[in-house]
Enquirer: 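Below is the structure I would like to discuss, written out as structure tokens.
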Amino acid sequence: MSTPDPKPPIDFIRAIIEQDRETGKHGGRIQTRFPPEPNGHLHIGHAKAICLNFGVAAEYGGLCNLRFDDTNPVKEEAEHAEAIMRDIRWLGFDWEDRLHYASDYFEQLYEWAVKLIRDGKAYVDDLSAEEIREYRGTLTEPGRESPFRDRPVEENLDLFERMRAGEFADGEKVLRAKIDMASPNLNLRDPVMYRILHTAHHRTGDKWCIYPTYDWTHGQSDSIERITHSLCSLEFENHRPLYDWYLDQLGIFHPRQIEFARLHLSYMVLSKRKHIRLIESGAVSGWDDPRMPTLAGLRRRGYTPGAIRTFCDRIGLAKRESVVDIALLEHCLREELNRTSPRVMAVLRPLRVVIENYPDGKSEPLDCVNNPEDPSAGTRKVPFSKVLYIERGDFMEDPPKKFFRLAPGREVRLRYAYFLTCREAVRDENGEIVELRCTYDPETRGGDAPDGRKVKATLHWVSADHAVDAEVRLYNHLFVREDPDDVAEGGDFLDNVNPDSLEVLTGCKVEPGLASAKGSDRFQFERLGYFCVDPVDSRPGALVFNRTVTLRDTWARIQKASGGGTKTRGR
RNA sequence: UGGGGCGUCGCCAAGCGGUAAGGCACGGGCCUUUGGAGCCCGCAUUCGGAGGUUCGAAUCCUCCCGCCCCAGCCA
């Protein structure tokens with residue numbers, strides 16, 4: 001009662017930052033940055049880094065920059081930078097006027113390189129790429145020094161200037177830092193600082209034909225921007241001594257780099273290289289395919305930025321490589337969608353129902369609640385009539401024990417409408433059930449029986465005469481295994497692509513109010529899941545919905561537990 | 001048999017010498033006009049393993065085992 005609330009646990013990075021604030025480091029100033037390379041698209045793994053960097057800055061009264069690490073002109077494009085900015089804004093973050101490019105620092109970097117040469121800390125090397133590799137040594141053997149390592153400073157200066165002037169061909173020379181060819185850390189074995197690339201850059205055009213490597217650029221870029229905490233993923237831990245070396249040689253502002261484990265998700269693949277292969281193999285339609293873990297794909301699928309943000313808050317932050325269960329992401333999604341999505345009725349696999357005792361030609365508007373989680377969402381009218389569609393999976397002629405939906409002779413409730421009793425299943429010449437003959441109880445309008453009798457199930461429905469047709473795309477996990485890389489000898493992650501990851505349903509029947517749905521409108525199709533209008537393929541009169549995520553489905557779990565049984569057709 | 005990291009419940013993750021938080025998943029119950037939502041309960045005598053220090057160890061020491069990263073003129 002009177003004991004003060006214990007401080008909620010914070011992650012190790014925030015702990016370091018809080019400590020730095022207390023000790024007054026940098027005068028308490030906090031500055032972070034998100035440093036993407038403008039190639040490829042952002043995915044949910046990047047979202048973790050974005051939420052961390054922008055989140056930390058916001059929490060501690062600091063600032064977060066957006067900086068494009070555009071040091072490799074052969075791989076980068078302006079259009080990717082645009083897509084990345086759009087994705088970050090969509091996620092809900094704002095870098096205001098702090099948009100930077102590593103390429104803005106090329107001139108400064110060049111001057112610093114000259115300084116290192118003057119100080120005898122860098123040299124121009126004529127070795128070829130292959131030779132450099134050979135000279136580097138191995139994990140267990142030290143490397144050998146290049147024969148060009150001890151060139152006089154004046155010669156290095158001259159050569160480096162001529163490299164910049166374009167006198168040499170690609171690959172002919174490089175500038176290397178002179179550190180230690182015997183270091184057990186291979187990054188310190190005279191790393192390359194500049195390579196010759198006669199390639200136009202998306203921002204600097206033809207101004208340069210030598211380009212700084214990432215390792216020579218990153219730390220100084222952070223320094224220039226006065227980044228106090230430079231957060232990056234684990235694989236850069238081995239590079240930290242190199243970044244420290246550069247900063248120390250230059251005697252410039254020294255950010256603190258802290259590494260954390262990047263995100264891995266079950267049933268997903270989070271690497272640019274693999275995403276490209278998925279696209280090129282035709283497994284998915286593109287970067288924004290709703291099955292892709294890219295922010296573009298998730299957005300099109302119907303994910304909300306808020307759900308992704310809370311997911312990033314809940315996965316925690318540590319140095320241990322881990323694989324987060326996709327169920328956690330889906331949980332965060334449902335949590336938000338449940339609160340915010342208007343309910344609507346849609347029948348994906350229609351089964352015709354004729355109510356024999358309902359007057360021909362009559363139709364009545366029934367009151368339906370838009371969102372039981374949000375009274376302010378109000379109600380709407382949905383037309384009811386003699387002929388309806390219900391979900392095929394909601395009827396079974398010979399139901400198993402725990403199935404309590406419709407069956408011959410059984411009474412159920414039609415949501416917001418009436419109690420309905422099945423009298424007969426009508427079959428076609430192939431023996432397939434094509435229609436149900438039913439009766440309703442006029443006393444149960446609205447869904448309650450005056451005599452107090454109960455039913456065990458409530459079904460969604462759509463009036464046949466009023467229904468609007470739609471196409472619905474059902475998505476399942478893109479991979480068939482939790483770890484897509486879990487393949488047989490010589491196999492490939494593409495072998496694990498789920499052949500049923502996309503199921504397209506046409507002739508679905510949705511309630512009439514949906515005719516005007518557009519953009520990326522989100523809905524809960526009652527009893528089925530959350531769906532959104534596909535922002536690229538949907539048209540008025542030719543609606544297309546994407547299933548964002550299913551509702552939790554106890555019945556499906558019961559079926560699965562009891563040995564699978566019938567395939568979950570209706571769900 | 002070089003260096004750098006990491007090993008706490010099925011999956012994440014707190015914990016930092018005082019006797020294992022929380023979330024997801026899972027199981028059970030209540031409630032319910034969504035088999036949804038909500039509510040309640042359960043779920044690590046044990047922290048990769050083995051020794052040791054200590055009144056007391058997931059936390060300190062030693063050894064061992066396992067996993068990840070590094071030999072791009074990628075980032």
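A, B, ... follow the sequence lines: proteins, then strands. Residue 1 opens every chain. For clarity, every value in this text was computed on a predicted model and none was experimentally measured.
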Enquirer: List, with names and distances, any nitrogen or oxygen atoms from the protein found under 3.5 Å away from nitrogen or oxygen atoms belonging to nucleotides 14-24 of chain B.
Expert:
unit_1, atom_1, unit_2, atom_2, d
A14(B), OP1, Leu317(A), O, 3.3
C24(B), OP1, His331(A), NE2, 3.3

Enquirer: Mind calculating the distance between CZ (Arg339(A)) and P (G38(B)) to the nearest angstrom?
Expert: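 From Arg339(A) CZ to G38(B) P: 11 Å.
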Enquirer: Could you tell me the Watson-Crick or G-U partner of G42(B), where both distances fall under 3.5 Å? Say none if there is no partner.
Expert: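 Partner of G42(B): C26(B).
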Enquirer: With a 3.5 angstrom cut-off on both distances, give the Watson-Crick or G-U wobble partner of C67(B), or none if there isn't one.
Expert: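 Pairing partner, where one exists within any strand: G5(B).
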Enquirer: For atom P, what is the distance between A57(B) and G51(B), given to the nearest Å?
Expert: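 So the two P atoms sit 14 Å from each other.
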Enquirer: Do Arg415(A)'s NZ or CZ and the ring of Trp461(A) fall within the cation-pi criteria of under 6.0 Å and 45°?
Expert: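 Geometry flag: not set, cation outside 6.0 Å or 45°.
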Enquirer: Quick one: list whatever passes salt bridge (Lys or Arg N to Asp or Glu O under 4.0 Å) with Arg445(A), sequence neighbours left out.
Expert: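 Counting only residues at least two positions away or on another chain, Arg445(A) forms a salt bridge (Lys or Arg N to Asp or Glu O under 4.0 Å) with Glu364(A).
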Enquirer: Would you please name every residue forming a ring pair (Phe, Tyr, Trp, His ring centres under 6.0 Å) with Tyr418(A), sequence neighbours left out?
Expert: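 If we apply the ring pair (Phe, Tyr, Trp, His ring centres under 6.0 Å) test to Tyr418(A), skipping adjacent residues, the hits are Phe384(A), Tyr440(A).
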Enquirer: Rounding to an integer number of Å, can you tell me how far Asp483(A) CG sits from C67(B) P?
Expert: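 After rounding, the gap between these two atoms is 15 Å.
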Enquirer: With a 3.5 angstrom cut-off on both distances, give the Watson-Crick or G-U wobble partner of U62(B), or none if there isn't one.
Expert: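 U62(B) is paired, partner A50(B).
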Enquirer: Tyr194(A) near the nucleic acid: base, sugar-phosphate alone, or nothing, with a heavy-atom cut-off under 4.0 Å?
Expert: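 Since no nucleic acid heavy atom lies under 4.0 Å of Tyr194(A), the category is nothing.
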Enquirer: How far does the C1' atom of G17(B) sit from the matching atom of C26(B), given to the nearest Å?
Expert: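 Pairwise C1' distance, G17(B) against C26(B), rounds to 34 Å.
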Enquirer: Which pairs pass salt bridge (Lys or Arg N to Asp or Glu O under 4.0 Å) with one or both residues in residues 131-143 of chain A, sequence neighbours excluded?
Expert: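 Those involving residues 131-143 of chain A do not exist here.
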Enquirer: Using a cut-off of strictly less than 4.0 Å, decide whether Arg133(A) has a side-chain nitrogen or oxygen near OP1 or OP2 of C70(B).
Expert: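 False: Arg133(A) side-chain N/O out of range (4.0 Å or more) of C70(B) OP1/OP2.
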Enquirer: Tell me every residue that passes side-chain contact (heavy atoms from CB on, under 4.5 Å) with Asn476(A), counting only those two or more places apart in sequence or in another chain.
Expert: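 Asn476(A) satisfies side-chain contact (heavy atoms from CB on, under 4.5 Å) with Asn498(A), Arg547(A) only.
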Enquirer: For the side chain of Thr458(A), starting at C-beta, report the closest nucleotide among C74(B), U34(B), A75(B).
Expert: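 Given the options C74(B), U34(B), A75(B), the side chain of Thr458(A) is closest to U34(B).
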Enquirer: Report the residues that fulfil side-chain contact (heavy atoms from CB on, under 4.5 Å) with Val455(A), sequence neighbours left out, ordered by chain and then residue number.
Expert: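 For Val455(A), the residues satisfying side-chain contact (heavy atoms from CB on, under 4.5 Å) (neighbours in sequence not counted) are Glu411(A), Arg413(A), Phe419(A).
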Enquirer: For nucleotides G10(B) and C43(B), find the distance between their P atoms and express it as a whole number of Å.
Expert: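 So the two P atoms sit 15 Å from each other.
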Enquirer: Check every strand shown and say whether Val369(A) touches a base, only sugar-phosphate, or nothing at a heavy-atom separation below 4.0 Å.
Expert: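 No contact.
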Enquirer: Whether Ser322(A) contacts C11(B) is assessed here as follows: a side-chain N or O lying under 4.0 Å from the phosphate OP1 or OP2. Is that the case?
Expert: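 For C11(B), neither OP1 nor OP2 has a side-chain N or O of Ser322(A) closer than 4.0 Å.
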Enquirer: Let me know, please, whether Glu235(A) or Arg413(A) comes out on the 5' side of the other along RNA chain B by nearest nucleotide.
Expert: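 It is Arg413(A) whose nearest nucleotide is closer to the 5' end.
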Enquirer: If you round to the nearest 0.5 Å, how far is OG1 of Thr32(A) from CG of Asn65(A)?
Expert: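 With rounding to 0.5 Å, CG (Asn65(A)) is 7.5 Å from OG1 (Thr32(A)).
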Enquirer: Quick one: is the NZ or CZ of Arg144(A) closer than 6.0 Å to the six-membered ring centre of Tyr135(A), and within 45° of its axis?
Expert: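 Satisfied, under 6.0 Å and within 45°.
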Enquirer: Check nucleotides 1-4 of chain B against the protein and report each pair of N or O atoms closer than 3.5 Å, with its distance, or say if there are none.
Expert:
unit_1, atom_1, unit_2, atom_2, d
G2(B), N9, Leu139(A), O, 3.2
G2(B), N2, Pro184(A), O, 3.1
G2(B), N3, Leu139(A), O, 3.2
G3(B), N2, Asn238(A), OD1, 3.2
G3(B), N2, Asn238(A), ND2, 3.3

Enquirer: Using OP1 and OP2 only, check whether a side-chain N or O of Arg136(A) sits under 4.0 Å from G72(B).
Expert: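 So the side-chain polar atoms of Arg136(A) do come within 4.0 Å of the phosphate oxygens OP1 or OP2 of G72(B), strictly under.
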Enquirer: Kindly confirm or rule out a cation-pi arrangement of Arg164(A) over Tyr110(A), judged by NZ or CZ under 6.0 Å from the six-membered ring centre and within 45° of its axis?
Expert: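 The answer is yes, since Arg164(A) meets both limits relative to Tyr110(A).
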Enquirer: Is there a Watson-Crick or G-U wobble partner for G35(B) with both distances under 3.5 Å, and if so, which one is it?
Expert: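 G35(B) is paired with nothing.
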Enquirer: Closest approach to the side chain of Thr213(A), judged atom by atom: which nucleotide of A37(B), C12(B), A75(B) is it?
Expert: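 Of the candidates, A75(B) comes closest.
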Enquirer: Between Arg557(A) and A25(B), does any side-chain N or O lie under 4.0 Å from OP1 or OP2?
Expert: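 No, because none of the side-chain N or O atoms of Arg557(A) sits under 4.0 Å from OP1 or OP2 of A25(B).
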Enquirer: For Phe523(A) and G36(B), give me the distance from atom CZ to atom P, rounded to whole Å.
Expert: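 Value for this atom pair: 23 Å.
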Enquirer: Is G72(B) syn or is it anti, if syn means the base angle is within 90 degrees of 0?
Expert: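 Here G72(B) takes the syn form, which means its glycosidic angle is within 90° of 0.
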Enquirer: Please list, chain by chain and in numerical order, all residues satisfying salt bridge (Lys or Arg N to Asp or Glu O under 4.0 Å) with Asp325(A), sequence neighbours excluded.
Expert: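 Partners of Asp325(A) under the salt bridge (Lys or Arg N to Asp or Glu O under 4.0 Å) test: none.
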Enquirer: Separation of Asp313(A) atom CG from A13(B) atom C1', in whole Å?
Expert: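 Interatomic distance, CG of Asp313(A) to C1' of A13(B): 14 Å.
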Enquirer: Does Arg67(A) have a side-chain nitrogen or oxygen under 4.0 Å from the phosphate oxygens OP1 or OP2 of A75(B)?
Expert: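 No.
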Enquirer: Please check the phosphate of A37(B) (OP1 and OP2 only) for any side-chain N or O of Arg552(A) closer than 4.0 Å.
Expert: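 So the side chain of Arg552(A) is within the cut-off, an N or O lying under 4.0 Å from OP1 or OP2 of A37(B).
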Enquirer: Using the ring pair (Phe, Tyr, Trp, His ring centres under 6.0 Å) criterion, which residues pair with Tyr389(A)? Sequence neighbours excluded.
Expert: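 In terms of ring pair (Phe, Tyr, Trp, His ring centres under 6.0 Å), with neighbours along the sequence ignored, Tyr389(A) is linked to no residue.
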Enquirer: Using Watson-Crick or G-U wobble geometry with both distances under 3.5 Å, which nucleotide pairs with G17(B)?
Expert: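 For G17(B), the partner nucleotide comes out as none, under the 3.5 Å rule.
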Enquirer: Grab the CG-P distance between Asp553(A) and A37(B) for me, whole Å please.
Expert: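 From Asp553(A) CG to A37(B) P: 10 Å.
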